Amino acid sequence: MSTITVKAYGAESTTADLKEMNIERREVTSKDVEIEILYCGVCHSDLHTARNDWGGSLYPVVPGHEIVGRITKTGSEVSKFKVGDLAAVGCMVDSCGHCDSCKHDLEQYCQNGFTGTYNGKDKHLGGHTFGGYSQKVVVDEHFVLSVPENLDLAAVAPLLCAGITTWSPLRHWNAGPGSKVAVVGLGGLGHMAIKLAKGLGAEVTLFSRTPGKTDDAKQLGADHVVISTDDLQMDAVKGKFDLIIDTVPYEHDINPYMQTLSLNGTLVLVGFVGEFQETEVSTRPMIFQRRSVAGSLIGGIAETQELLDFCGKHNIVSDIELIKMQDINNAYERMLKSDVKYRFVIDMQSL
């Protein structure tokens, strides 16, 4: 298969800083589109993969799965897009297409495993896939999304991961007018959960450990802020919430939040991936009030397009800090300190 060489930024090993390198992209096949990448969001997953925090990283790693750009070439059988269209790519670039999950537009739960935008198996070129910290990307049109023209393109990028990760559980558990939604954690995921839940018409509350985030939360659309370390405030919201979106990315005690769920309420974990080793989760509040603890990944392609269309209609985007590609290593260090409101986005013209 013929290829093109493009500039990218990636890591050669677990301990190496990201640096400029060349990678190969395939020439478009009949169903592919080629996208010039204009902006790429920076996700915690990028850092974890670059540093092999989760194991299994394949080097060189070129991260980036919050991609927004413009189509520069299309294959002969492409029907959804044309050259010049705005386009986006999220966390997936392929799946089997024939399992029950894929047939029901749930490619993120592909029973044969979806192909990640980076660090996935590249069935075209062999080896592994490279992400959006690069000049161009070539993707099957099924995994390419349309971007509303009215939105700030740089601020759209985090919708492809942080946005859809919170949108999917909000939609699955029917958040909307009359429902009470709480969000745990005000970071990249949490700030999108607040905006989207409010956009859907829910009454929205932020759980925060300290009062310092109250003003920010209310500017983002939260109706209330509850300090989770204040026993009186937690007692006042017992049995209140239909849905809690828990975005905290590390092990933490979810038992206090369980007490605030209503009958049939659900707490959905979207931030922490792993085992609760230090904290035992009590089944008592689940059994006696039919409450649930669940997990949720990203959304499928159709659901992600629904999100983008919704954001276009309601003018919802992420709060971002735009950086140059050359500043990515510093951005990673700042991200570890939560020193960003609320998502870094790379201006790929700097590459």
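Predicted model only: the values in this text are computed from it and were never measured.
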Got a second to check how far [X]'s [atom1] is from [Y]'s [atom2], nearest 0.5 Å?
| X | Y | atom1 | atom2 | result |
| --- | --- | --- | --- | --- |
| M1 | R26 | CE | CZ | 6.5 Å |
| M234 | Q259 | CE | CD | 9.0 Å |
| E141 | S79 | CD | OG | 4.5 Å |
| D253 | T279 | CG | OG1 | 5.0 Å |
| L159 | S318 | CG | OG | 6.5 Å |
| Q108 | D105 | CD | CG | 9.5 Å |

Does a side-chain N-to-carboxylate-O contact under 4.0 Å join [X] and [Y]?
| X | Y | answer |
| --- | --- | --- |
| D32 | K73 | no |
| D319 | K195 | yes |
| K103 | D100 | no |
| K313 | E306 | no |

Quiz item: Looking at F241 versus F207, is the centre-to-centre ring distance below 6.0 Å?
Solution: yes
Quiz question: by atom type and distance under 3.5 Å, do the side chains of [X] and [Y] form a donor-acceptor pair?
| X | Y | answer |
| --- | --- | --- |
| T3 | E27 | no |
| E36 | T72 | no |
| D309 | Q305 | yes |
| E107 | S95 | no |

Closest approach of [X] and [Y], non-hydrogen atoms and distance?
| X | Y | result |
| --- | --- | --- |
| A197 | L170 | N-CD1, 3.7 Å |
| S179 | D242 | CA-OD2, 3.4 Å |
| C161 | C43 | SG-SG, 3.8 Å |
| W54 | H48 | CZ2-CD2, 3.3 Å |
| V144 | A87 | CG1-CB, 3.7 Å |
| I316 | G199 | CD1-CA, 4.3 Å |

4.5 Å side-chain heavy-atom contact, [X] and [Y]:
| X | Y | result |
| --- | --- | --- |
| F114 | D94 | no |
| L151 | N315 | yes |
| L47 | M335 | yes |
| Y109 | C99 | no |
| V68 | L160 | yes |
| Y133 | I37 | no |
| V248 | F272 | no |

Quiz item: With under 30° as parallel and over 60° as perpendicular, where do the rings of W167 and F310 fit, or are they tilted in between?
Solution: tilted
Any sub-3.5 Å donor-acceptor pair from [X]'s side-chain atoms to [Y]'s backbone N or O?
| X | Y | answer |
| --- | --- | --- |
| R291 | L261 | yes |
| T129 | G116 | yes |
| T117 | C91 | yes |
| N119 | L58 | yes |
| N329 | L18 | yes |
| E34 | K136 | no |
| S57 | T49 | yes |
| D223 | V204 | yes |
| T260 | Y257 | yes |
| T214 | P211 | yes |

Quiz item: Does a sphere of radius 6.0 Å around NZ in K80 hold more than 12 heavy atoms from other residues, nucleotides or ligands, not counting ones at 6.0 Å or beyond?
Solution: yes
Exercise. Report, as yes or no, whether the 6.0 Å neighbourhood of atom NE2 on H104 holds more than 12 heavy atoms from other residues, nucleotides or ligands.
Key: no
Exercise. For F130, enumerate each residue passing the ring pair (Phe, Tyr, Trp, His ring centres under 6.0 Å) test, keeping only those at least two apart in sequence or located in another chain.
Key: H128
Self-check item: All side chain to side chain contact (heavy atoms under 4.5 Å, CB included) counterparts of T14, not counting sequence neighbours
Solution: N52, Y59
Self-check item: Pairs touching residues 322-351 that satisfy ring pair (Phe, Tyr, Trp, His ring centres under 6.0 Å), sequence neighbours left out
Solution: H191-Y342
Quiz item: Can you list the steps and then say if L307 with S168 is a side-chain contact (heavy atoms from CB on, under 4.5 Å)?
Solution: CA-CA 9 Å; L307 162 67; S168 189; over 6 Å; no
